[in-house]
Structure formats: structure tokens, C-alpha cells
2 protein chains.
Amino acid sequence: MARRSDHTREELWRLAIDASKKIVEIEGLRGLRARQIARDIGYTIGTLYNLFDDLDDLIMHMNGETLDQLMEECSKVELTQDPNMDLERLVHCYLNFTHENAKLWNAVFEHKLPEGRPVPDWFSDKVSRLLHLIECALAPILTGRSDAEIHQHARILWMSLFGMTVLEGSGRLQEGETSLTLARTLIKTYVHGLQREP
Amino acid sequence: MARRSDHTREELWRLAIDASKKIVEIEGLRGLRARQIARDIGYTIGTLYNLFDDLDDLIMHMNGETLDQLMEECSKVELTQDPNMDLERLVHCYLNFTHENAKLWNAVFEHKLPEGRPVPDWFSDKVSRLLHLIECALAPILTGRSDAEIHQHARILWMSLFGMTVLEGSGRLQEGETSLTLARTLIKTYVHGLQREP
DNA sequence: TAAATAAATTGATCGCCGATCAATTTCAAG
DNA sequence: CTTGAAATTGATCGGCGATCAATTTATTTA
């Protein structure tokens, strides 16, 4: 049997990714099994491997969609040219998302491609687009500085936020501590440092 | 055969952990197999499972030793009461270590315990001790502020640095970018922000 | 319409993996 | 010398990711 008219290739792709997300949302990335995905969408393993190179490939696409979702949320933030407020809002949005989609967000950085297999360009691009949001919010504070400098500060903030969500996701925050309050303090202090600096 | 006098339980434990480190250093955490460890130390799987609960347990202990090593290195840094210099040195030490032990360091955060299995206290304690180093370096700048506040800033810096090494480890830094230069800028800007703040 | 072609789907199969456990062997205490 | 406790083995289990020849279906061609 082949080319059953139940679903197009695209529909099948959607079914598989959605099923994967559901599993990860409940059991985490560790609980994701090719056999389970196939069972959930009513096809067999073979079909799954006709859609994706392997599990790593499937996971990359799933994670890619998570980045897309995050981008979509953060894009809603309207920039006011006031870096303090803009960054505050962006961070709020970012952390809101990583909270509400904790398991999926964890999957984004928990997953590692095998040794020697490069991150696909389309994936890196999604990250770059998120970074660009921070750059835009940060720009007004850094007039007169090189693009490279702006870019660097944006990346520093991005990585720092990232570290917080990682540690929060692995349950290593302390009692009474939320990544939101930590991130707020980070942004506030960092921006302060930028403003007063030559 | 049992209780062969070749090795004490402690020696065996060392052999297993060391063999694991060697494998991870070459192949990364993904390449770590119980069977390989057993083979490398000249025992069978059964013996390995007599020493450790399971692979997760073994990995936690291996990662624990990595934290110990990092702590040992960072402890060598003598504090001068000049936060800028002290932090600079600490960061230098930290990043030196994570560079030279990249794969092992990656293993520390790549590894995740299964759903619902808490991080052992002895492991969290090791992290706390590292954090305390940063607190001490940071303290002179924050005279008059509460311990909680000092603690928070220390944790923010720790998490930020962490985020950088994570992204560096997964090959997501850009060309010409090193976590050392990024971290330097982070510390400089953040400390600046702290100093000028009311 | 019929035959040929291309694509999708299956499921048996392979070689691994982590983990378990009854049987066996060794050591140390009595 | 006997006995019991601890260590060690290796066969075994269930499950995994991945592969692929065989089969089925849809589309294209004649």
C-alpha cells in the first residue's frame, strides 16, 4: 500500500511534528520515540523515515518551529525607542513563552546533533532573526557605535537570557527565584552599564 | 568469580569514571555506552551496575568531578578586593577550563535526569560552592546591599557565563567571536552598571 | 482503457542499547 | 574447614533507531 490518499506529504509532515510536540510536552525530549510517533499518527516507522532523514532531523524541525513560535510572539512587541522599556517587554515576552512552553523550549537546547554534523543554515537563520530583535531594541542606546558592537551586546544579552532559561529548565533555580526577576535585573544593570559608559 | 583482589570497590569506581571521561572527551556524551566502559576497565556490565545505579548515576558522578576540577582551578585565583580585576581573573580561569575540557564541560549540562528524578543535593552543593566564589569577588562593589542582592547578582553572572559556554559548546558562536571576549564585555558592562547604580 | 512508471507504505529484520538476575566464584569470618 | 556474604559473570529481556525488499497505490504514458 502506498500513497494512500488519507494525507498529502505535507499533512503527514504536520501530523508527525505535532505528534512529536505532544510527546515532548508531556515526557520531555528523552521520551520521544520514533515508534511512538508513528503509532500516534497511524502510520508505521517506515513512513516516518520516508519523511525525515532520522530522528535528529525530525527534532531539528520540531525545534525550528518552536523558534518560529517564539519569534512570532516577540514580533508582537512594538518598539518605542526607549531601550529600557523595549528590552523589558521583549524579555517579558521571551520568558513568558519559555515558561508556557517549558518542555519544548528545553528540547531546543537539550538536543545535540551527533559529532561532526553541522547545524543547518535554516536553523541558524531562525536564531539570527531573534537576535535581530534585540539589536533593534538596543540600538537607540548605542548611537555612534559600530554595528559590530551593537551586535555583540545583543548577543551577550541573548546568551545570558539563554543561560537563565537553561538553568531554570533543569530546575536549578533557587527558591523564590524566577528567571523573570533575574532577567529584569540583568537587563536593567547591563543597560545601565552601557549608558554610562564612554 | 567475585571479589577478585585486582581492585577494591573504590579503585573500580575510579577506573569506571576515568574510562567514562576518556570516552566523553573523544566522542562526547552521546558516545558513552555502558558496554564500552565495562570493556575498557576489563570487567563486565554486571559489575558496572554493581557500582552505579544506572548510567545516569554514573554520569552525575562524572559531571560532579568536572565541577570539582573547575572549583579547584578557580580557587587558585587570589582575590584582591578589586572586583573588576577579580572577576576578570575568575572568568578567565573559568573559560580556560571550559575550553580545555570542552567535551566534559558540555556533558555537565547536556545530561538531563529523567522526568521526576531530582538533582542530588551533593551535586547542587558543588554548584553553590562555585557560585560563592563569584559572590566573594563581587562583594566589595556592593557594600551596603543585602546578602540576597549580592547573591542574586552573582547568580546572574554565573548563569550568563553559563549561557555563553553552552552556545559555544554547541558551535553557535559566530566567526571571530570567542566566549572570552564576550564574557569580558559582559563583566565589564555589568560591573559598570552596578557601580553607577544607586 | 490498459500497461508502465513512479511514489508511498509496510513490516520483518538487523545490530545495538540499558538493565536485570540466577548462577557462580571468591574472599573473610567463625 | 565450613559457612555466609559480597562480587562477578553472562545469558537474557524488552526496546530502540534504522534499513530495505516487497507490496500497494496513484499517476503517466501508450
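Residue numbering restarts at 1 for every chain, and letters A, B, ... go by the order of the sequence lines.
The aromatic ring centroids of B:Trp13 and B:His61 lie less than 6.0 Å from each other.
Applying the side chain to side chain donor-acceptor pair (under 3.5 Å) rule to B:Asn84 yields no partners; only residues at least two apart in sequence or on another chain are considered. For B:Ser179, the side chain to side chain donor-acceptor pair (under 3.5 Å) test picks out B:Glu168, with sequence neighbours left out. Under the side chain to side chain donor-acceptor pair (under 3.5 Å) criterion, B:Thr178 pairs with B:Thr181, not counting sequence neighbours. B:Glu25 is linked by a salt bridge (charged side-chain N to carboxylate O under 4.0 Å, His left out) to nothing, counting only residues two or more places apart in sequence or in another chain. A:Asp125 meets the side chain to side chain donor-acceptor pair (under 3.5 Å) test with no other residue; sequence neighbours excluded. Residues that satisfy the ring pair (Phe, Tyr, Trp, His ring centres under 6.0 Å) test with B:Tyr190, not counting sequence neighbours, are B:His153.
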Please list every donor-acceptor pair under 3.5 Å in which a side-chain atom of residues 74-81 of chain A meets a protein atom from a residue at least two apart or in another chain.
unit_1  : atom_1 : unit_2  : atom_2 : d
A:Ser75 : OG     : A:Met71 : O      : 2.6
A:Lys76 : NZ     : A:Glu73 : OE2    : 3.2
A:Thr80 : OG1    : A:Asp82 : N      : 3.2
A:Thr80 : OG1    : A:Asp86 : OD1    : 2.9

Without placing hydrogens or testing angles, list every side-chain donor-acceptor pair under 3.5 Å for residues 28-37 of chain A, not counting sequence neighbours.
unit_1  : atom_1 : unit_2   : atom_2 : d
A:Arg30 : NH1    : B:Asp56  : OD1    : 3.2
A:Arg30 : NH1    : B:Lys112 : O      : 2.6
A:Arg30 : NH2    : B:Asp56  : OD2    : 2.9
A:Arg33 : NH2    : A:Arg30  : O      : 3.0
A:Gln36 : OE1    : A:Arg39  : NH1    : 3.0
A:Gln36 : NE2    : A:Asp40  : OD1    : 2.8

Can I get a per-line list of side-chain donor-acceptor pairs under 3.5 Å for residues 128-136 of chain A, giving both atom names and the distance, sequence neighbours left out?
unit_1   : atom_1 : unit_2   : atom_2 : d
A:Ser128 : OG     : A:Ser124 : O      : 3.1
A:Glu135 : OE2    : A:His151 : ND1    : 2.5

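Taking atom CG on B:Leu15 and atom P on D:dT8, their separation rounds to 11 Å, with Å as the unit. Counting to the nearest Å, the C1' atom of C:dG11 and the CG atom of A:Leu48 are 14 Å from each other. Summarising the geometry, the separation between OH on B:Tyr43 and C1' on D:dA7 is reported as 9 Å, rounded to the nearest angstrom. The CG-C1' distance, from B:Asn50 to C:dC21, rounds to 13 Å in whole Å. Distance, B:Asp57 CG to C:dG18 P: 15 Å, rounded to whole Å. Atom-to-atom, CD1 of B:Ile41 to P of D:dT8 comes out at 9 Å; the value is rounded to the nearest Å. As rounded to whole Å, 8 Å separates atom P of C:dT9 from atom CG of A:Asp6. To the nearest angstrom, P of D:dA5 lies 17 Å from CZ of B:Arg9.
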Please tabulate, one pair per line, each protein N/O and nucleotide N/O from nucleotides 16-18 of chain D that are separated by under 3.5 Å, including the distance.
unit_1 : atom_1 : unit_2  : atom_2 : d
D:dG17 : OP1    : A:Ala34 : N      : 3.2
D:dG17 : OP2    : A:Ala34 : N      : 3.1
D:dG17 : N7     : A:Arg35 : NH1    : 2.4
D:dG17 : O6     : A:Arg35 : NH2    : 3.1
D:dA18 : OP2    : A:Tyr49 : OH     : 2.3
D:dA18 : OP2    : A:Leu55 : N      : 3.0
D:dA18 : O5'    : A:Tyr49 : OH     : 3.3

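Note on the helix from C:dT1-D:dA30 to C:dG30-D:dC1: angle between the axes of the first and last five pairs equals 10°, rounded to 10 degrees.
As judged by a 4.0 angstrom heavy-atom cut-off over every strand, A:Leu12 is placed among residues touching the sugar-phosphate backbone only.
Interface residues of residues 19-30 of chain A facing DNA chain C, ordered by number: none; criterion, heavy-atom separation under 4.0 Å.
Between the side chains of A:Thr66 and A:Trp105, no donor N or O sits under 3.5 Å from an acceptor N or O.
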